[in-house]
Protein chains: 2
Amino acid sequence: MSAPARQVAHCPDDILSQCAALMARQGYHGTSMRDLARTTGRSLSGLYHHFASKEDLLYLINERGFSSLLSNAERLRDAYRAEVRRRPAGTSEVAGLLRDLITAHVDYFSRHRSEMRVLMLGTQPMSPAHGEAVRRLKQRYSDVLSYAVSEYMAVYAPGTARSEVERKAWLLFGMMNWVFGWYAVDELGSPRDLTTDIFGIFTQGCLASSPVVTTSE
Amino acid sequence: MSAPARQVAHCPDDILSQCAALMARQGYHGTSMRDLARTTGRSLSGLYHHFASKEDLLYLINERGFSSLLSNAERLRDAYRAEVRRRPAGTSEVAGLLRDLITAHVDYFSRHRSEMRVLMLGTQPMSPAHGEAVRRLKQRYSDVLSYAVSEYMAVYAPGTARSEVERKAWLLFGMMNWVFGWYAVDELGSPRDLTTDIFGIFTQGCLASSPVVTTSE
DNA sequence: CGACCGACCGAACGATCGTTCGGGTGGCGC
DNA sequence: GCGCCACCCGAACGATCGTTCGGTCGGTCG
């Protein structure tokens, strides 16, 4: 009999990354199953033994990517919390947490550029159930970053409004995610240079609550 | 006779923005000409009297959006140059230019969110000629921003390497463009708040050349 | 009035889309 | 030996895709 149902169990990582590489360049709707079959060296119907549908493939790429990012981030956050419990008055660790999170993000980004591009392109073509699952992972990840930012602000700029903290965390996300977004430019320096700049700009930039500015008119 | 050739001349702005709104949500390949015809209240073949092809529509959206952004930016840059010519030792105007550019970008972004989302989604589905034209506009726009950043760095952190300036300009782009990218969250504050934060973080953040950091390990 | 023109339409074209079906391997347990 | 199962294939399905064709309508100019 048939009854293929869902073989969501597990799909080889190399197939997933090959598909992601193609989708990163052409987009989800712009990439056909026949394209994917050709570049993975398989036949069209052979592909369907590794995932239930094209939409399922998109979900698997998203799920695996965000899970990796999230587990790294939560591990760093938990290490920070344990450290703080041991020495409650830590004012330097909080900057270290922020720096470690940025480093982990940029490193992962530079090593899985194609998958990351797929993650940014959006969740819309997914079923409500899959979309919700991915959205929850995104939320948890951005919560970790917001937490780190709020801890930093609590030390270096106490009394900052919650909304301002979230806005600044969002801008930090912007710097971290944009880099590999527009063109595929490799002339922007090493991931290490990038991390240094992002960390420096953000931490120093947040210290001045109201900008010391002159207006031109 | 037929001979429709290319009626690239001009297509009504309202049609373009309606199409952009749909493409912003579903992507280029995910939006069919029939979808576009339905939401613009026209018939399928009626649409083809306003642009030559679907790809041409994408080009028109890109061309019009980047041209608007670019003309605003170049106007601000030229005003700054004229000002500097009159009073050569201007150290405050350079920050003003940066602030004005950010303000213009965020304002335009918040007023044409759909079009901007289309602009970010990529140039790949376009013909070589159209792709080149759009890429040139993008380049000119990012050149203006890089120029402003390099002027700022020349005053406040002289001797900064060219590659570092470009990297920092890129990060500024990240903060400006990411905001409306992921979720459609309106709870991040007004465009004015956003501009203030971006300007503050960037200008203050660039002042410290090497980050004053402690490492956690 | 008749010629012309831009705006618009319904119907259809060939191509390509995601997916399914029936069958064919080769290896491992019994 | 036989049966099972993961893996893979060619061929086809209905649907939808971008685009084209021939024609209608309402105005405007001569």
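In the text below, chain A, chain B and the rest are named by the order of the sequence lines, each starting its count at 1.
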task: Using a heavy-atom cut-off of under 4.0 Å over every strand shown, decide if A:Ser43 touches base, sugar-phosphate, or nothing.
output: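 The residue A:Ser43 makes base contact.
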task: Tell me what B:Thr31 touches on the nucleic acid: a base, only sugar-phosphate, or nothing, going by heavy atoms under 4.0 Å.
output: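 Contact class for B:Thr31: sugar-phosphate only.
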Separation of [N] [atom2] from [X] [atom1] (nearest whole Å):
X	N	atom1	atom2	answer
B:Met33	D:dA15	CE	P	23 Å
A:Leu47	C:dG18	CG	C1'	12 Å
A:Asp14	D:dC7	CG	C1'	14 Å
A:His29	C:dT16	NE2	C1'	15 Å
A:Phe51	C:dT20	CZ	P	13 Å
A:Tyr48	C:dT19	OH	P	4 Å
A:Lys54	C:dT20	NZ	P	14 Å
B:Glu55	D:dG18	CD	C1'	12 Å

message: Does D:dC8 have OP1 or OP2 under 4.0 Å away from a side-chain N or O of A:His50?
response: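 The answer is yes; a side-chain N or O of A:His50 sits under 4.0 Å from OP1 or OP2.
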Kindly point out which of [options] is positioned nearest to the side chain of [X]?
X	options	result
B:Arg42	D:dA12, D:dT19, C:dC8	C:dC8
B:Ser32	D:dC17, D:dC9, C:dT19	D:dC17
B:Ser45	D:dT20, C:dT19, D:dT19	D:dT20

message: Assuming nearest nucleotide by heavy-atom distance, tell me which of B:Tyr28 and A:Arg34 is located more 5' along DNA chain D.
response: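 It is A:Arg34, whose closest nucleotide lies nearer the 5' terminus.
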- request: Look at A:Arg64 together with A:Glu115 and state whether they make a salt bridge at an N to O cut-off of under 4.0 Å.
  value: no
Consider only side-chain N and O atoms of [X] and [Y], and report whether a donor and an acceptor are under 3.5 Å apart.
X	Y	value
A:Thr31	A:Lys54	no
A:Tyr28	A:Glu55	no
A:Asn62	A:His130	no
A:Asp143	A:Gln139	yes

query: Partner of D:dG30 by Watson-Crick or G-U wobble geometry, both contacts under 3.5 Å, or none?
result: C:dC1
- prompt: Has the side chain of A:His49 got a donor or acceptor atom sitting under 3.5 Å from an opposite partner on the base of D:dC7?
  reply: no
